[in-house]
There are 4 protein chains.
Amino acid sequence: MSPRRRDAEGTAAARAERRAELLATAAEVFASQGYAATTVRKVADAAGILGGSLYYHFDSKESMADEILSTFLDEMWAAYDRVLAAGLGARETLEALVVESFRSIDRHRPAVVVYQNESKHLATSERFHYLLESRRRFEEMWLALLDRGIEEGAFRPDLDRSLVYRFIRDTVWVAATWYQTGGRLSAEEIAKQYLAMVLEGIQAS
Amino acid sequence: MSPRRRDAEGTAAARAERRAELLATAAEVFASQGYAATTVRKVADAAGILGGSLYYHFDSKESMADEILSTFLDEMWAAYDRVLAAGLGARETLEALVVESFRSIDRHRPAVVVYQNESKHLATSERFHYLLESRRRFEEMWLALLDRGIEEGAFRPDLDRSLVYRFIRDTVWVAATWYQTGGRLSAEEIAKQYLAMVLEGIQAS
Amino acid sequence: MSPRRRDAEGTAAARAERRAELLATAAEVFASQGYAATTVRKVADAAGILGGSLYYHFDSKESMADEILSTFLDEMWAAYDRVLAAGLGARETLEALVVESFRSIDRHRPAVVVYQNESKHLATSERFHYLLESRRRFEEMWLALLDRGIEEGAFRPDLDRSLVYRFIRDTVWVAATWYQTGGRLSAEEIAKQYLAMVLEGIQAS
Amino acid sequence: MSPRRRDAEGTAAARAERRAELLATAAEVFASQGYAATTVRKVADAAGILGGSLYYHFDSKESMADEILSTFLDEMWAAYDRVLAAGLGARETLEALVVESFRSIDRHRPAVVVYQNESKHLATSERFHYLLESRRRFEEMWLALLDRGIEEGAFRPDLDRSLVYRFIRDTVWVAATWYQTGGRLSAEEIAKQYLAMVLEGIQAS
DNA sequence: CATGAATGAGATTTCATTCAT
DNA sequence: TATGAATGAAATCTCATTCAT
């Protein structure tokens, strides 16, 4: 390996690392202040550089959001696909999906918050159509799972399936707004209690 | 009633009505596009007037958000206070609160959406400190209710009370993001099914 | 005189009176806040009516300024012309002019302040060219008087005449900015002391 | 001195210089058109940049006025304080103060004009309270000097001290409105003649 | 890699003015 | 005469983006 080549790799890796750092910062700020209300300058301030300097790394503010969201969704779907491929029963699948969701929140909290708050507006632009795609796949997956669970006798048949779908979807993801990495409860512990509530309800039996 | 008095009342009422109309429009647009991403011009367009004309009725974009949110919160708390004053058992109180929440969503959907999406950011400004106050009272009320329910043997004692609180809070209010007035399910019907899920869970028994 | 005619005169007189009232109010506000910084609404507020209502009486904000200034200037020049026509010596003429100037301030303080502060900017517009005209006549009159005074041996010949002119001009008129009608010193008293200072100086002799 | 340090100083100095340039331009425009009547765009045009670009250097139009005025006042008071510290007699102190005032006008003419025309209105805002403070110190200083002069037998005792104070104050500062740097008369020459008029009067002796 | 100055489009807000009632 | 709602132009200010250094 020539020194030249080592250098090139070194800078490429360094550059990728810097991007990741900056994206993490941007996601944090987008999550806490809202994408539209966040100025590029605020992101740069949080990163300790000047506004214009961000444009060495990224084409635009939008492309930062894009990279934040697509990275998160790719990882999330990879996890979901592993669960779906495992051939579990409906109830076990539901449990595994919820656990994976909380793991996603644990690893990508700011990205999840941005997704929750902004995907609806962003999706109106061509570039973010994959958000709609993801949402559609998500709904499809859950409705199928709920139907299967009712067939298998695992889930109650007397509830409106759309309502149950939205109930679970919102219930899980909205947790990103208050979840703190390294907080009192671990992602797994939260998942366990959420599953208890969702499956068994909160009333004393 | 003298003509003079009728006149004065007439114009005062007319003005209040116009304000209410414009606020309803503004809430709709804030809810669908996000407060920060909504320009004053968009609100004005939706109301069929010019941007500057809004300033005859309101001091600023912020004061519109203020009036939208405080009107909604006042009404919501009035309803909650009626429930709390009724002296019901913990479980019945919970049911009544959830029903009232969905009624609030039914009557003030756009305001609720704005509250959900923007209150966190807005609350950083002095003017919107009442949002924090409301949030605190809300949490207090629910934690007390949950504790009472556990004492009364109505609710399971094995769940983390903070988690249950957030679960119910988010689960109910996030429904505003998809609820449609006059949709397939009425507010009462949705409340009933939500209560079934929250109290009894979704698994077959 | 028919009742019809009496009515017409009555309303015409009433209208003129109302105009005068409103102009006095406007002059006060223009003087205290500055013409450009004064909104039509501020004038209307001070008059106890709504902004739009002023347009029943006046064509525009500019026409209010116009009427305020031209009324004042007309009166001032009438007084000056009386003095100039009296055929006094240079020193007596100077004294009489200064006294008349302070009387003008006494009667038209707000108008004088507006004149001091705004005439320079207003004069750029065609409509206010008479301000330049007045200023030119004013300078001419004073320079001639100073020259005559030096010839007559009344005034010192060792001073720059332009400088003396500006000294007197500014010195007198700027008093409008602090003069209060009905204050501790009457216009005549102030004129007397000003003349003492201007003519004899402030040093002990 | 390391290159790093030279750089840092270079840019800091360059920035300060640019600010000063822009402020000089702004002061010129404020002085000639009036603060309220001057648009930010006019200032920018005069500086050869776009309106928005000014906001890279200054927070607001108001902050430009602030910096213009406070810079001028600081320098003026420094000069006055040097005079006051010199322990001169009342008459010599008066002469020195008048000379310094004309020097201030010579160096900061636009700022002085802005001060004359706008300080009254600006001072109503909290931010410009130092203008009132300066005005109060100014009056205090002059009244004390006049009293001392009368005691020392240098000034006439038969004049109203408030009136004399205002006479001198206005007389000197209003000169900024017509003074031209590099005009026919130097600041020192004007000061000399003004002092002659103020001290000895304009009448032949 | 980053800076600092600027651009230019567009946002919020202001305000003189109009006009139906 | 006055009101109240609106207009529309222009003002202040913001901000994503560019670019020479």
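Numbers restart at 1 for each chain; the letters A, B, ... are given by sequence-line order, proteins then strands.
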Engineer: With the side chain of B/Val40 defined as its heavy atoms from C-beta on, choose the nearest nucleotide among E/dT12, E/dA16, F/dT12.
Structural biologist: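 Nucleotide nearest to B/Val40's side chain: E/dT12.
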Engineer: Check each residue of residues 113-120 of chain C for a non-hydrogen atom within less than 4.0 Å of any atom in DNA chain F, then write out the ones that pass by number, or none.
Structural biologist: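 Hits under 4.0 Å, by residue number: none.
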Engineer: Distance check, rounded to the nearest 0.5 Å: C/Leu54 atom CG versus C/Arg41 atom CZ?
Structural biologist: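 It comes to 12.0 Å.
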Engineer: Side chain of D/Arg15, heavy atoms from C-beta onward: which of E/dA5, E/dA2, E/dT13 has the nearest atom to it?
Structural biologist: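 Out of E/dA5, E/dA2, E/dT13, the nucleotide with an atom closest to D/Arg15's side chain is E/dA5.
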Engineer: Quick one, which residues of residues 46-71 of chain B touch DNA chain F with a heavy atom under 4.0 Å?
Structural biologist: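 Here the set is B/Ile49, B/Leu50, B/Gly52, B/Ser53, B/Tyr56, B/His57.
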Engineer: Go through C/Arg15 and C/Tyr56 one step at a time and tell me if the side-chain contact (heavy atoms from CB on, under 4.5 Å) criterion holds.
Structural biologist: CA-CA 10 Å; C/Arg15 172 178 291 195; C/Tyr56 178 80; 2.8 Å; yes
Engineer: Answer yes or no: is there a side-chain heavy-atom contact under 4.5 Å between C/Phe72 and C/Val114?
Structural biologist: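 Side chain of C/Phe72 against side chain of C/Val114, heavy atoms only: no contact under 4.5 Å found.
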Engineer: Return whichever of B/Thr39 or C/Thr39 has its heavy-atom-nearest nucleotide of DNA chain E closer to the 5' end.
Structural biologist: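 The answer here is B/Thr39.
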Engineer: Supply the atom-to-atom distance D/Leu23 CG to D/Arg18 CZ, rounded to the nearest 0.5 angstrom.
Structural biologist: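 So the gap between those two atoms works out to 10.5 Å.
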Engineer: May I have the step-by-step check of side-chain contact (heavy atoms from CB on, under 4.5 Å) for A/Phe30 and A/Val113, ending in yes or no?
Structural biologist: CA-CA 9 Å; A/Phe30 288 160; A/Val113 173; over 6 Å; no
Engineer: Test A/Met64 against A/Tyr35 for side-chain contact (heavy atoms from CB on, under 4.5 Å), laying out the working first.
Structural biologist: CA-CA 10 Å; A/Met64 292 184 228; A/Tyr35 173 74; over 6 Å; no
Engineer: Does F/dG4 have its OP1 or OP2 closer than 4.0 Å to a side-chain nitrogen or oxygen of B/Arg18?
Structural biologist: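 No, because none of the side-chain N or O atoms of B/Arg18 sits under 4.0 Å from OP1 or OP2 of F/dG4.
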Engineer: How long is the span from the OG1 atom in B/Thr38 to the CD atom in B/Glu118, to the nearest 0.5 Å?
Structural biologist: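 So the gap between those two atoms works out to 8.0 Å.
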Engineer: Using 0.5 Å steps for rounding, measure from the CG atom of C/Asp45 to the NZ atom of C/Lys42.
Structural biologist: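 Result: 10.0 Å between the selected atoms.
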Engineer: Using only atom types and a distance under 3.5 Å, with no angle test, would you say the side chain of A/Lys120 pairs donor to acceptor with the backbone of B/Ser32?
Structural biologist: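 Side chain of A/Lys120 to backbone of B/Ser32: no pair is present.
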Engineer: Would you say the side chains of B/Tyr130 and B/Asp66 form a donor-acceptor pair under 3.5 Å?
Structural biologist: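 B/Tyr130 vs B/Asp66: donor-acceptor pair found between side chains.
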Engineer: Pull out every stem in DNA chain E, meaning runs of 3 or more consecutive Watson-Crick or G-U wobble pairs with both distances under 3.5 Å.
Structural biologist: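 Result, WC/G-U stems under 3.5 Å: E:2-21 with F:2-21.
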